[in-house]
Every structure is written in structure tokens, then in C-alpha cells.
Amino acid sequence: MSAFSITLEAVVPLFLFAVVSTGTPGPNNVMLTASGANFGYRRSLPHVLGVALGFPAMITGVGLGLGAVFELYPVLQQVMAGLGICYLLYLSWRIAMTGKSEAGEKKGKPLTFLQAALFQWINPKAWVMALSALSAFTQFGQGFAFEVLLTACVFAMAGLPLVSLWTLFGVGIGRVLTDQKRLRIFNVTMALLLVGSIAPVAWRLAQDLAL
């Protein structure tokens with residue numbers, strides 16, 4: 001059986017893996033929910049597209065060569081993890097501070113497409129998802145590049161509707177939380193959830209650095 005045929009047989013489990021991994025809570029979905037609640041879907045659309053397209057681009061880059069660089073220089077992974085933790089803490093602070101000033105002016109703004117796309121490279125969950133998908137659904141040899149690109153395409157198809165749903169979920173919450181005090185409580189809760197999502201990575205990184 002050809003590598004092409006084997007790859008086609010793996011599309012269904014790959015799609016299910018993409019749905020489960022993309023649809024479950026994590027830094028991206030927490031941030032998109034908060035963005036939808038505070039800015040609405042239209043203003044959050046660049047953020048949505050940055051996640052939906054940025055992660056497949058990351059899979060492609062890692063699968064076609066960049067992953068080998070991190071295997072040769074493991075310290076780069078620690079640097080990326082450290083940068084990711086710092087940036088997520090900054091984003092948590094931004095979410096917590098989002099709202100309206102006493103004068104009624106809106107504070108904060110949604111992530112741009114480029115910010116959301118680049119964020120995937122320092123998102124701990126994105127790395128776990130990318131490496132897990134590439135390990136499980138690709139195989140070195142003839143057709144490997146096709147398998148990597150197919151994996152990226154499947155994640156793009158599954159990701160866009162799922163991250164949109166998380167954003168729309170936030171939009172619904174935002175319509176209910178018309179009181180600024182309640183919206184602030186929601187934003188602080190989202191910020192704390194975002195911090196909690198990186199706690200295991202931060203702990204593991206601290207242990208690695210202590211060795």
C-alpha cells in the first residue's frame with residue numbers, strides 16, 4: 001500500500017485528534033473567549049484567523065525542518081518556553097486590565113493577526129499539539145512532506161470553526177455581562193485561567209533549569 005493511501009486512511013483519526021486538541025481549553029481559547037467578550041467577534045476576527053492559520057503554519061515549519069533544529073539545540077526549547085511563559089503572563093495582565101475607564105473609554109485592544117500567529121511559536125499547548133500530531137500521523141520516508149502538509153490542512157479546517165465558537169461563546173458572555181464590575185470579574189477570572197494553563201510548563205521548566 002502506498003504512503004498516499006496510508007495517509008488517506010489516517011485522515012479521520014487525524015481530524016478527530018485536531019477537533020479534540022483544538023477544541024479543548026488552553027491559552028488560545030481562553031484568550032479568544034476573553035477577546036469575544038470584550039471586543040466582539042468582528043474586532044476579534046484577526047485574532048481568530050491568526051490562531052486558525054498560524055498553528056497550521058507552525059506545524060508545517062516544525063515538520064519540514066525547524067523541529068530538527070530544536071532536537072540539535074535543546075536549550076532553544078527552554079528559551080522558547082521561558083519566552084512563552086513571560087508573554088502569557090503579560091497577556092494575562094492585559095486581559096485582567098481590559099474594560100472601561102471611569103470616563104467610559106474602552107481600555108485594551110484585541111491581538112492582531114500577526115501577534116496571534118507568532119504567539120503559536122511560544123504557546124506551550126501548541127508545541128504539545130504539533131509534536132504529538134507529527135509523531136502520530138506522519139512517517140519519515142516517501143510522502144513525508146505531503147503528510148506534514150495534510151496534517152496542517154486538517155488542523156486549519158478543524159481549527160477555524162472551533163476557535164470561532166470559543167470567540168462567539170465569549171461574545172455571548174459579553175452581552176450578559178453588561179455591568180462593568182461583573183465584566184472585570186470575568187476578565188480577571190480569564191486571566192487567572194490563562195496563568196493556570198501555563199503552571200505545569202513553568203514548573204517543568206524550573207525543574208529542568210535546576211538540574
Side-chain angles (χ1 to χ4, degrees), residues 21-59 61-62 76-101 105-131 155 159-160 162-174 177 180-206 208-209:
S21 56
T22 304
T24 50
N28 278 324
N29 292 332
V30 170
M31 291 162 56
L32 286 167
T33 301
S35 185
N38 287 281
F39 307 111
Y41 185 82
R42 185 180 64 81
R43 290 188 64 195
S44 300
L45 187 56
H47 187 172
V48 171
L49 294 176
V51 173
L53 300 179
F55 180 66
M58 175 190 174
I59 287 181
V62 172
L76 290 179
Q77 289 184 301
Q78 294 179 339
V79 172
M80 294 286 285
L83 290 174
I85 291 169
C86 292
Y87 189 58
L88 279 168
L89 290 175
Y90 165 70
L91 291 175
S92 299
W93 176 80
R94 276 185 55 174
I95 291 173
M97 294 296 103
T98 299
K100 288 186 178 179
S101 65
E105 298 176 348
K106 195 73 176 179
K107 296 191 297 182
K109 57 183 179 180
L111 291 186
T112 66
F113 174 86
L114 185 59
Q115 287 174 328
L118 292 177
F119 170 69
Q120 305 315 304
W121 290 90
I122 55 174
N123 178 0
K125 183 184 177 183
W127 274 101
V128 172
M129 289 167 54
L131 295 176
F155 268 91
L160 182 57
L162 288 169
V163 297
S164 292
L165 283 175
W166 277 97
T167 310
L168 291 171
F169 174 61
V171 172
I173 292 175
L177 300 177
Q180 290 303 309
K181 183 177 180 180
R182 293 179 180 177
L183 184 59
R184 172 55 61 85
I185 292 174
F186 169 78
N187 286 335
V188 171
T189 301
M190 290 293 100
L192 292 175
L193 287 174
L194 188 55
V195 172
S197 71
I198 61 173
V201 179
W203 174 252
R204 190 160 56 246
L205 179 61
D208 291 341
L209 293 176

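For clarity, every value in this text was computed on a predicted model and none was experimentally measured.
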Return the CD1 to CE distance between Ile122 and Met58, rounded to the nearest 0.5 Å.
10.5 Å
d(Ile95 CD1, Leu192 CG) to nearest 0.5 Å is 10.5 Å
Within a strict 4.5 Å, meaning less than it, do heavy atoms of the Pro124 and Leu88 side chains meet?
yes
Search all heavy atoms of Leu177 against all heavy atoms of Leu183 and return the closest pair with its distance.
O-CB, 4.0 Å
4.5 Å side-chain heavy-atom contact, Leu111 and Arg94:
yes
Got a second to check how far Leu162's CG is from Phe155's CZ, nearest 0.5 Å?
10.5 Å
Are any non-hydrogen side-chain atoms of Asn28 and Gln120 less than 4.5 angstrom apart?
yes
Backbone N/O of Thr22 and side chain of Asn29: donor-acceptor pair under 3.5 Å
yes
Which residues pass the side chain to side chain contact (heavy atoms under 4.5 Å, CB included) test with Thr33, sequence neighbours left out?
Trp166, Phe169, Ile173, Phe186, Met190
Search all heavy atoms of Lys125 against all heavy atoms of Pro27 and return the closest pair with its distance.
CB-CD, 4.1 Å
Please identify each residue that fulfils side chain to side chain contact (heavy atoms under 4.5 Å, CB included) with Leu49, with sequence neighbours left out.
Leu45, Phe113, Leu160
Pairs touching residues 110-119 that satisfy side-chain hydrogen bond (donor to acceptor under 3.5 Å, both in side chains), sequence neighbours left out
Thr112-Gln115
Please check if the side chain of Lys109 supplies one atom and the backbone of Arg43 the other of a donor-acceptor pair under 3.5 Å.
no
Taking the side chain as every heavy atom from C-beta outward, state whether Asn123 and Met129 have any atom pair closer than 4.5 Å.
no
Report the residues that fulfil side-chain hydrogen bond (donor to acceptor under 3.5 Å, both in side chains) with Ser164, sequence neighbours left out, ordered by chain and then residue number.
Tyr41
Parallel under 30°, tilted from 30 to 60°, perpendicular over 60°: which one fits the rings of Trp127 and Trp121?
perpendicular
Nearest heavy-atom approach of Met31 to His47 is CB-CE1, 3.9 Å
Taking side chain to side chain contact (heavy atoms under 4.5 Å, CB included) as the definition, give me every residue that meets it alongside Ser44, ordered by chain and number, with sequence neighbours left out.
Ser35, Phe39, Thr167
Has Asn38 got a side-chain atom pairing as donor or acceptor with Ala34's backbone, closer than 3.5 angstrom?
yes
Results of side chain to side chain contact (heavy atoms under 4.5 Å, CB included) for Ala96 - residues two or more places apart only
Val188, Ala191
